[in-house]
Amino acid sequence: MGFKNWGGFVLDENMAKTPENAYQLLEQLWKPSLKVAKQEAADLQAMIDSEKGGFKLEPWDWRFYSEKVKKAKYDLDEEAMKPYFPLEGVRKGAFALAGKLYGITFTERKDLPVYHPEAQAFEVKEKSGKHIGILYMDFHPRPGKRGGAWCSNIQEQWIQNGKFIAPILYNVSNYSRPAGDVPALLTPDEAETLFHEFGHAVHGLFSNCRFRGSGYVAQDFVELPSQVMENWVFEPEMLKLYAKHYKTGEVIPDALVQKLKKAGNFNIGFAWTEKLAASFLDMDWHTLTDAKPMDATAFEKASLGKWGLIPEILPRYRTTYFAHAADEYSAGYYSYTWSEVLDSDAFQAFKETGNLFDPATAKAFRKMLSKGGSEDPAAIYREFRGRDPKVEALIEKRGLK
Ligand SMILES: [Zn+2]
């Protein structure tokens, strides 16, 4: 079909367009990640030495010793954070964010049918009162319900015989139930998840496309609308809006937030290095032009050696059990990283205005979301940002400098 290799074929439909572009992005993050990872390895070795371990750090020691270093350095108690993140408050926070950005409103509709008594239906409307769509939210585990958190739709937006069909979406999750007189409380991670899935819903709600299925967007773009929402979750201006103690109404203290932010980037060199190593491995396999059988271990060794991976870290997946690379994420593992570059770069656009809720930036972002998969994602991103995405915002956010 005219492509040099499988990677070229797969990426042609993605935002990255070519394996060369994906490599270029990965390499920009690889160097700073590896540098931080080397420092982390030294910290772990120091911990081993301080305990008179008498051995050199190996890959299988990493997680054990990094937990020890984390406890010694940060001592982050997630339980102490939870009272500031009552589920109801976090949900209202997500709605408030969409309200501040886009002027839209969410009204619970008890008159609408629900698929389970625990699901809540919200009507989403423009500031003018015009109907946008319906969003169901279903938060707690119960027998027979799948685990995890996700967003999907009951009815996609499309135009049927000239008539605009409004979207009906749902956010499903499995947060702990209220217990006695304590409401359902979320960990900071769970709060982030709520905003993430809500971001997917916002993407679907803003869809304005001709054809059914236009919500299916490129693999390296699909997490942008969701991940971008995570950027607001722990910003002080945002926390003031929603992170209030369920008993006293007190806003989460700055000291706790700072602790949380610092701990969030702990071990980041390791996390990025193992993820990027797996992305390189996936792409190295899928840009082969010769289909002759080969020794997977030898190939892997040569591939990772070329990138300079340190012996204390292994790629997140080895070739022989790298399910992503053999399935729908073949030549696509890089897209997790690509999406993170996009969400940080997009959030930076708000920051640059000096207003995290800047209406003009939000309007441009909404326009991008309205296009679904109907246009080239690289082109619609360029229209929003005025340029191609850059890695700097992500490097800054993750402390990889
Ligand atoms: Zn997602």
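Computation of the quantities below employed the complete heavy-atom set of this structure, encompassing side-chain atoms and omitting hydrogens, waters and symmetry-equivalent molecules. All ligand and atom numbering here is 1-based and tracks the order in the structure.
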**Q.** H200 near the Zn ion (ligand 1) via N/O/S, less than 2.8 Å
**A.** yes
Q. Near the Zn ion (ligand 1), is there an N/O/S atom from E223 that is less than 2.8 Å away?
A. yes
Quiz: residues 85-94 side-chain donor-acceptor pairs under 3.5 angstrom, not counting sequence neighbours:
from, atom 1, to, atom 2, distance (Å)
E88, OE2, R91, NH2, 2.5

**Q.** Electrostatic pair E274:R63 at N-O distance under 4.0 angstrom
**A.** yes
**Q.** Test salt bridge (charged side-chain N to carboxylate O under 4.0 Å, His left out) applied to E396 - qualifying residues, sequence neighbours left out
**A.** K401
Q) Run the side-chain hydrogen bond (donor to acceptor under 3.5 Å, both in side chains) check on Q45 and D49 step by step: do they pass? A) CA-CA 6 Å; Q45 188 65 57; D49 296 345; 3.1 Å; yes
**Q.** Residue H196 atom name (nearest to the Zn ion (ligand 1); N/O/S)
**A.** NE2
